[in-house]
Protein chains: 6
Amino acid sequence: MADDDVRTGLTTVSVATLSAQLRQRGLNNVTVDGVYPAKPGARFAGRARTLRYLPHREDLFAERGGGFNAQKRAIESLGDGEVLVMEARGERGSGTIGDILAKRAEVLGAAAIVTDGGLRDAAVVAELGIPVFHGGAHPAVLGRRHVPWDIDVPVACGGAAVLPGDWLAGDDDGVLVIPPSLVREVLDAAIEQERQERFIAEQVAAGAGIEGLYPLGPTWRNRYDEWLTNN
Amino acid sequence: MADDDVRTGLTTVSVATLSAQLRQRGLNNVTVDGVYPAKPGARFAGRARTLRYLPHREDLFAERGGGFNAQKRAIESLGDGEVLVMEARGERGSGTIGDILAKRAEVLGAAAIVTDGGLRDAAVVAELGIPVFHGGAHPAVLGRRHVPWDIDVPVACGGAAVLPGDWLAGDDDGVLVIPPSLVREVLDAAIEQERQERFIAEQVAAGAGIEGLYPLGPTWRNRYDEWLTNN
Amino acid sequence: MADDDVRTGLTTVSVATLSAQLRQRGLNNVTVDGVYPAKPGARFAGRARTLRYLPHREDLFAERGGGFNAQKRAIESLGDGEVLVMEARGERGSGTIGDILAKRAEVLGAAAIVTDGGLRDAAVVAELGIPVFHGGAHPAVLGRRHVPWDIDVPVACGGAAVLPGDWLAGDDDGVLVIPPSLVREVLDAAIEQERQERFIAEQVAAGAGIEGLYPLGPTWRNRYDEWLTNN
Amino acid sequence: MADDDVRTGLTTVSVATLSAQLRQRGLNNVTVDGVYPAKPGARFAGRARTLRYLPHREDLFAERGGGFNAQKRAIESLGDGEVLVMEARGERGSGTIGDILAKRAEVLGAAAIVTDGGLRDAAVVAELGIPVFHGGAHPAVLGRRHVPWDIDVPVACGGAAVLPGDWLAGDDDGVLVIPPSLVREVLDAAIEQERQERFIAEQVAAGAGIEGLYPLGPTWRNRYDEWLTNN
Amino acid sequence: MADDDVRTGLTTVSVATLSAQLRQRGLNNVTVDGVYPAKPGARFAGRARTLRYLPHREDLFAERGGGFNAQKRAIESLGDGEVLVMEARGERGSGTIGDILAKRAEVLGAAAIVTDGGLRDAAVVAELGIPVFHGGAHPAVLGRRHVPWDIDVPVACGGAAVLPGDWLAGDDDGVLVIPPSLVREVLDAAIEQERQERFIAEQVAAGAGIEGLYPLGPTWRNRYDEWLTNN
Amino acid sequence: MADDDVRTGLTTVSVATLSAQLRQRGLNNVTVDGVYPAKPGARFAGRARTLRYLPHREDLFAERGGGFNAQKRAIESLGDGEVLVMEARGERGSGTIGDILAKRAEVLGAAAIVTDGGLRDAAVVAELGIPVFHGGAHPAVLGRRHVPWDIDVPVACGGAAVLPGDWLAGDDDGVLVIPPSLVREVLDAAIEQERQERFIAEQVAAGAGIEGLYPLGPTWRNRYDEWLTNN
């Protein structure tokens, strides 16, 4: 399965389902917490590129804050289907991305931007085509709280470790990190899980009780198998 | 007044008004704080059923986490007009309810689900008919942070004590606990308070100042009495 | 430039841009953090009037809580284009403004209400014409957490110092305080900055890279000057 | 009873006991929370003088931060037995008092300094004769987070409202605000409560159970009366 | 091994070591976080008895707050070597235990008191013989924030689930919950681990590097075996 | 001035004084906040070495958590006078250093360890010769919350950016980062500032008022100059 197929596949299942599959494989610490889509309903999948901010320090900002800094280089280097993940230490007292750079990322084909820091120009960004998951709107520029530092290094974002090349998926439930070595297996299992859950949801809507149905016990599994054959 | 009439009545007044009436009777610690409706604009009233989670502990989860656990038993036992209140200690690092169980609660006629923990499948749940008030969306399953433990015991939810059988009412301002012994008196007083406030709001919209009007002083009370007669 | 022109001008530029201009003049601590518009998309500008709450204390509330208290006097005294800024110490465990008083402020021509405390009657207030920026919905009345105390004194709101007469501007990115001595200069500069950013955004949408474009380097500045001439 | 006698009396009883007596009179919101003595074991009582800081804002600090500012005027104006209470909004990211000003307060006979902000020179201050209750040690000067603003105005400190002239008492359990109108009654009652608790503690140490003893039921009250006669 | 031997054994090893042994057996969520000994250096071990507080609610407090309430019954029922664990939801705005009840627990032979709420009479309690681990000193009585509710039910304390009968151990590093089924195995392994660490610490003090020494690699393990023979 | 002289010099002045001098040079964001010495009264100065932890992730921990991992390599590589600064994201739910590794650092001549994470074996570490500044005691091993990742990279610690080679100084007021390019100038100025403050403290102890004395105005400066001559 090529990356494009993985990416497409990941957007057909929910982050909640993918999270359950990772948990079944022993991975419980893979959620980027405290980030929200600028526009509710947004979803995405893609591979991580990373950008790391350090806490604002006046002397370091003087050296690294201006011009074509790490933030701008990170944006400019984005490629098709990539997700830019920013480490902002959960600090929301300034923006970490705004409308112009987000638009540039969109033009470059990036799949999403994820930051545990603030978002400037929130209303404009919400109308862009690229999903931006962030920690809260704030009008101040990056330099109020951060020094743009490094790109393509491991980062911590929303309490999760993210390495360049990791898969990410996001929807209204949040953002999930998926190790590349597991992504295909997890995706296949997620597709099957959602198939079962569609069957279960139909039964529940029709009045069935959940004991033995959710998760599927032996009796309901037979009926699921029939349903599968007929659908 | 039968329970059904109380329940209907409670949904005709705002939670803010009910809160003011409880305060007048000395009850200031009756708000479930930090919970939000999955779909803005939702409102509900009903009597509490309860579900208590303990903090995740690996050995206890092995005993009580799987199968037809307390969470599922709680859902399955819900009856018409009941509100399931979950104690999740304000921990939002996992879901405490998802789309399938919420749908089952809806089918059973439950009035609402209130949890101070997280919500999975937030986008789907927002489209259900049953209001779900929660502490934040999260993709992880319950077991990441909780062990489902007990049903129908007193709980703490969003900083409020809730006993099985307590009345609850919720709208965009939040969720309120109403002791059963006070519910009729509080409801009657709330209906009268809102009647006055409709009159006051009309006067304010027409340009009246608030001194002596809000709350009603002697002069304005006379005019309110007239207004009542005419309306 | 008269106050009315300033006020009109401030609503044509974004809070993010104004914030950047204040930062260029050495002002980094001028954002009211943690407040959100009752209705997304709201924006306003105006000069500050202030209202200060003290923490609830039973004896002080008995003296100052009832009747035509400081909160009501503050509302009643509002004039055209004024913004009422409330100091609630970031305490969100009660409302600090509700629908009737907000409506009165609207009738009096006030430009906005900003509180770092809670909002009662959130759904009704969201439908009013006056923008209300607040720290969160809560059904309880003011007295649960506050004693209304003083009007027209310097206040702290959302971490920012606000003096009576200061300018404020708000939109979805947040609320900003602008010292009166700087407001015209900052407004003019903001207008020019947004003009440049419209140009830049056009180029980015058309596929241009950001190096040398954002911010404008010498080459792109020439093209900007041409664009200005042609637009 | 003169102020000096009140002050002496207040230091013979514990803050916990005084708190219980205030609660019996309906006052539950009178504790300055989150402040700790620079030197454990410190205790004090005295009447409040106040100092209010605003959040740091560069233009306001330029006007009011330097020279013989409000902080220094507050210290310099302290008199015998007075307690300086500082409102620092619980912000601990800078000092709000240091060794030299604390020493000056001590020389002037002040009873204590209470701040919900930070403390500079913590090790030196711990060795002074004047108790300083604070929110945490921090090396930065005041101006990092605050503008010294006003003296002798009502303040919020550690979540409590404090008016100039209020009584304060502090020990390892924390700091308490006592309205002047209640101080004598509360002090007398506290002295009696501690007398009873000495009796109770003796009985508990000797093996008595607490039912009917704590609080005193009829049987134990008789024995307490005897004990009183004999002691 | 009788309970007494387990208890004695547990106090000879550190909580850090016991924690490491539990982790090796898959138990990572067994620490009571955010509690501190009233007197630094205190240590204890014993089996859990429990006490649960609900959030303060005026009507419930009227029913259950006074007289020989659940808190007092819990204390009075303590037996030799038992540890009373209180669920206070991490709420530190009131005491949950004070000097008289703590003394009563000591007289009854209890091993310790652990609460994630506040402590009254902190200075006196620090001088008692019974270790009290708590969330912070506070002068207010229990009723300010809590209703004493139940004894001998499962509780959440400091983020950990504690069942009646669970083992607990505490020292300056914190408090640990140990499931009874694992306690002997964990204790034996902890004793061996500390033996190794004494050897390792001796080598480090003598200048050895940690690679291959900590944890013991093959070479150093041989020398450890010799050391064991000689000690 | 050689590094050794700088280091010695820095321990003769307080962190508060050094902080004031950095502020005068425009550096306000140089404090490592929320860290405390294992043994009160500890002080140190030295140059930074760094260690970065990522959030715990099961697959990454499997790769990098065990054996001679980054944490152990960092400790083992410490040289005379160096300060190991750990980035733990302020996460205190596990230890990040314990007694054996701290002892190894001491033997190697390291000046201090600074971590914004937890400390294991707190009581033992407090008795070592090497100062350890940390965010709180916790019994769990590193792996509960962290993956040891990198050494000698820029880190964020307690909200401050720290680069390898930066100077650090710590005492009971906290920990400060000093850019190498400024250290000599700042140290000299700090020594002079403390000289003045000794004079001022003497005057205050003798009863002088602070106006014109602190900071030194013209009159008092003359007397300070005399005092300097005589001392």
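Every value quoted in this text rests on a predicted model; they were computed, and no experiment measured them. In what follows, chains carry the letters A, B, and so on, assigned in the order in which the sequence lines appear, proteins first and then strands, with residues in each chain numbered from 1.
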Donor-acceptor contacts, no H, no angles, side chain residues 94-103 of chain F, under 3.5 Å, sequence neighbours left out:
residue : atom : partner : partner atom : Å
T96(F)  : OG1  : T115(F) : OG1          : 2.8
T96(F)  : OG1  : G118(F) : O            : 2.8

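For chain F, the nearby parts of A205(E) are the backbone and the side chain; heavy atoms of each come within less than 4.5 Å. In this structure, chain E has no heavy atom under 4.5 Å from any part of L108(F).
Legend: salt bridge (Lys or Arg N to Asp or Glu O under 4.0 Å) pairs involving residues 31-49 of chain E, not counting sequence neighbours, sorted by first then second residue: D3(E)-R47(E), D33(E)-R144(F), K39(E)-E127(E), R43(E)-D171(E), R49(E)-E82(E), R49(E)-D152(E).
Contact detail for K72(F) and P215(E): the closest heavy-atom pair is NZ-CD, 3.3 Å. The shortest heavy-atom contact between A140(F) and S19(E) is CA-OG, 3.3 Å.
Distance alone, capped at 3.5 Å, is enough to place a donor-acceptor pair between the D173(E) side chain and the D121(F) backbone.
In terms of heavy-atom pairs under 4.5 angstrom with chain F, the leader among G209(E), G159(E), P40(E), G207(E) is G209(E). Highest contact tally toward chain E, considering only H138(F), E76(F), R104(F), R92(F), is held by R104(F) [criterion: heavy-atom pairs under 4.5 Å].
From I210(E), atom CD1 reaches atom CZ of R73(F) across 11.0 Å, with rounding to the nearest 0.5 Å.
Side-chain contact check for L18(E) versus P139(F): every heavy-atom pair is 4.5 Å or farther apart.
Residues of residues 217-231 of chain E placed with any heavy atom under 4.5 Å of a heavy atom in chain F are absent; none qualify.
By the side-chain contact (heavy atoms from CB on, under 4.5 Å) test, P179(F) pairs with R57(A), D59(A), L22(F), L27(F), S181(F), L182(F), sequence neighbours left out.
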